[in-house]
Amino acid sequence: MSSCPFNSAGASASGTTTPAAPEREPLTEFHGAELDFSADMSYGDYLQLDQVLNAQKLLSPCHDEMLFIVQHQTSELWMKLMLHELRSAMAHVAADELHTAFKELARVSKIMEQLVHAWDVLATMTPPEYSALRPYLAKSSGFQSWQYRCIEFSLGNKNATMLRPHAHRPDLLAHVEAAWRAPSLYDEALRLLARRGLAVPATHTARDWAQPYVESAEVEAAWLQVYRAPEKHWDLYQLGEELTDLEDAFRLWRFRHVTTVERVIGFKRGTGGTGGVSYLRKMLDVVLFPEIWRLRTDL
C-alpha cells in the first residue's frame, strides 16, 4: 500500500477531503538581476554548442548523411570520455587505488553500452540510402579513428600495423603510438596481482608492452587463486569481474558493428580498404583478458 497520506482525489486516509494545492503556472519569464542570463556564461557557451552543432558539414544531397555524421561524431565524443576514464582507471590500478578504479571501469562499461545502442540508430539506414551516400565518403573510414585505436591498445589488442592509418598526422600518431608502447589495462592488473604476492611470471610483468599479449597458464593459476578465495582477495576478485564486464560490453559492440555493416553494405569492401565484414568477423575472436575467461571452465 502507498505510504502517501493522500489519494489522487485529495482525500486523506481518514476519509476527510483536503483541498488540492493550486497548480502553479510553469515559469516562462525571468525577472530580476539574479535571473539575468545574459550577464554570465550561458548553457550554450559552456557546452560550446555553436561549434558542436555547426560541425555537421554535409557533402551530399542525401537526407541520411546527417544521421551518418551525427552517429560517428557522437561515438567519437563517447570514446573521448571512455579514454578519459580508462586512462585514469589504469593509473589508479597502478597506484593500488582500486575503489576509484572500479568506479571508472564501471563507467567505461556503461559507455560501451551506449555505443552498442548507437548501432541501432545507424541500422535504420537501408542499403540504397548508404549506396547513395558512399561516393561522398571517399576513403574516409572508422578504421582511421585514432581514439578507437587508443582504446584497443589500452585494452591490450596491440598490433603495430594499426599505426599506419595515422601516419599522415604526426600529432595523432604520437597519441596512438604512446598507447601502443604503454602497459595495457590488463598489464597493470597483472602487475598488481604480482605486487600482492600472486605468482605472475616476470614474462608478464616486465616485458615489451608493444608486443601482443600471450596467454599464460601461470597467469590463469594466479587468477584462480583469487577466484577460489574471493573473501581473501576481494578487491582483486572485483577487479576480475570489472574486467569481465568491460570485455563483455566490448564484445557486444563488435558484434553489433559486424551485423550493422553486413545489414547496410553486405560484403562490400570497407571505404578504408579493409575487407569489411570479413575483417570485422575476425575481430570477434579477439579475447582481451583470456585467463579471466578460461578460469571459469577450471573453477
Side-chain angles (χ1 to χ4, degrees), residues 48-83 110-153 155 157 159-169 171-173 175-176 247-288:
Q48 300 289 301
L49 288 183
D50 286 345
Q51 293 91 323
V52 172
L53 297 179
N54 285 289
Q56 296 74 45
K57 308 300 183 185
L58 305 184
L59 300 179
S60 78
C62 304
H63 170 82
D64 301 282
E65 187 178 4
M66 182 65 79
L67 162 63
F68 194 82
I69 291 175
V70 170
Q71 154 83 15
H72 288 85
Q73 286 182 339
T74 53
S75 293
E76 288 291 335
L77 284 173
W78 281 121
M79 285 190 277
K80 182 173 185 175
L81 178 58
M82 185 186 299
L83 277 172
K110 289 297 183 182
I111 295 169
M112 284 303 314
E113 290 180 19
Q114 290 289 327
L115 290 170
V116 169
H117 291 302
W119 292 118
D120 297 339
V121 184
L122 190 62
T124 64
M125 181 181 288
T126 64
E129 290 166 347
Y130 179 73
S131 294
L133 171 63
R134 182 169 177 150
Y136 295 90
L137 303 179
K139 292 186 178 181
S140 62
S141 166
F143 197 68
Q144 300 158 345
S145 169
W146 71 269
Q147 291 196 123
Y148 177 75
R149 193 55 54 199
C150 285
I151 291 169
E152 283 267 8
F153 285 169
L155 294 178
N157 187 20
N159 183 344
T161 302
M162 298 304 175
L163 297 170
R164 295 177 188 171
H166 314 286
H168 66 294
R169 284 284 303 274
D171 55 333
L172 300 183
L173 178 61
H175 290 293
V176 179
E247 182 159 4
D248 201 351
F250 202 20
R251 288 180 179 188
L252 288 174
W253 183 88
R254 281 176 169 159
F255 178 76
R256 287 297 288 127
H257 191 181
V258 173
T259 56
T260 302
V261 170
E262 185 172 353
R263 174 175 178 156
V264 175
I265 73 169
F267 287 85
K268 297 184 182 74
R269 292 189 68 81
T271 49
T274 69
V277 169
S278 62
Y279 169 78
L280 294 174
R281 282 187 173 172
K282 290 178 183 177
M283 294 299 100
L284 294 177
D285 294 329
V286 174
V287 182
L288 300 172

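Of all heavy-atom pairs between Arg256 and Thr260, the closest is O-OG1, 2.7 Å. Heavy-atom minimum distance, Glu247 versus Val286: OE2-O, 4.0 Å. Closest non-hydrogen pair, Glu129 versus Thr124, comes out as OE1-O, 3.8 Å. The nearest pair of heavy atoms linking Ala249 to Val116 is O-CG2, 3.9 Å. Of all non-hydrogen atoms in Met79 and Ser145, the two that sit nearest each other are CE-OG, 3.9 Å. Closest approach of Gly266 to Val277, counting heavy atoms only: O-CG2, 3.2 Å.
Between the CG atom of Leu77 and the CD1 atom of Ile111 there is a distance of 11.0 Å, given to the nearest 0.5 Å. Between atom CH2 of residue Trp146 and atom NE2 of residue His166 there is a gap of 10.0 Å, rounded to the nearest 0.5 Å. Remark: Leu173 CG to Arg164 CZ distance equals 12.5 Å, nearest 0.5 Å. To the nearest 0.5 angstrom, Phe250 atom CZ is 7.5 Å from Asn157 atom CG. Taking SG from Cys62 and CZ from Phe68, the interatomic distance works out to 11.0 Å, rounded to the nearest 0.5 Å. Leu163 contributes atom CG, which lies 12.5 Å from atom CG of Leu172 (distance to the nearest 0.5 angstrom).
Under a 3.5 Å cut-off, the side chain of Gln144 and the backbone N or O of Lys139 do form a donor-acceptor pair. Listed for the Gln73 side chain is a donor-acceptor partner under 3.5 Å among the backbone atoms of Ala55.
Proximity of Leu284 to Val258: side-chain heavy atoms (C-beta onward) are separated by under 4.5 Å at one or more points. Two residues are said to be in side-chain contact when any heavy atoms from C-beta on lie closer than 4.5 Å; Val176 and Cys150 meet this criterion. Contact check for Tyr130 versus Leu137: side-chain heavy atoms found under the 4.5 Å cut-off.
Ring geometry for Trp119 versus His257: interplanar angle under 30°, hence parallel rather than tilted (30 to 60°).
Surrounding CH2 of Trp78 are at most 12 heavy atoms belonging to other residues, nucleotides or ligands under 6.0 Å away.
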Should Met112 and Leu252 be marked as a side-chain contact (heavy atoms from CB on, under 4.5 Å) after you check the CA-CA gap, both sets of side-chain angles, and the distance that decides it? CA-CA 9 Å; Met112 284 303 314; Leu252 288 174; over 6 Å; no
CA sep, side-chain torsions, deciding dist, call: Arg281, Glu262, side-chain contact (heavy atoms from CB on, under 4.5 Å): CA-CA 10 Å; Arg281 282 187 173 172; Glu262 185 172 353; 2.9 Å; yes
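Salt bridge status for Glu76 with Lys80: absent, with no side-chain N to carboxylate O gap under 4.0 Å.
When Glu65, His72, Met66 are each tested for a side-chain contact (heavy atoms from CB on, under 4.5 Å) with Ile69, only one passes: Glu65.
Figure legend: Arg251 and Phe255 shown without cation-pi pairing, the cationic atom not lying both under 6.0 angstrom from the six-membered ring centre and within 45 degrees of its axis.
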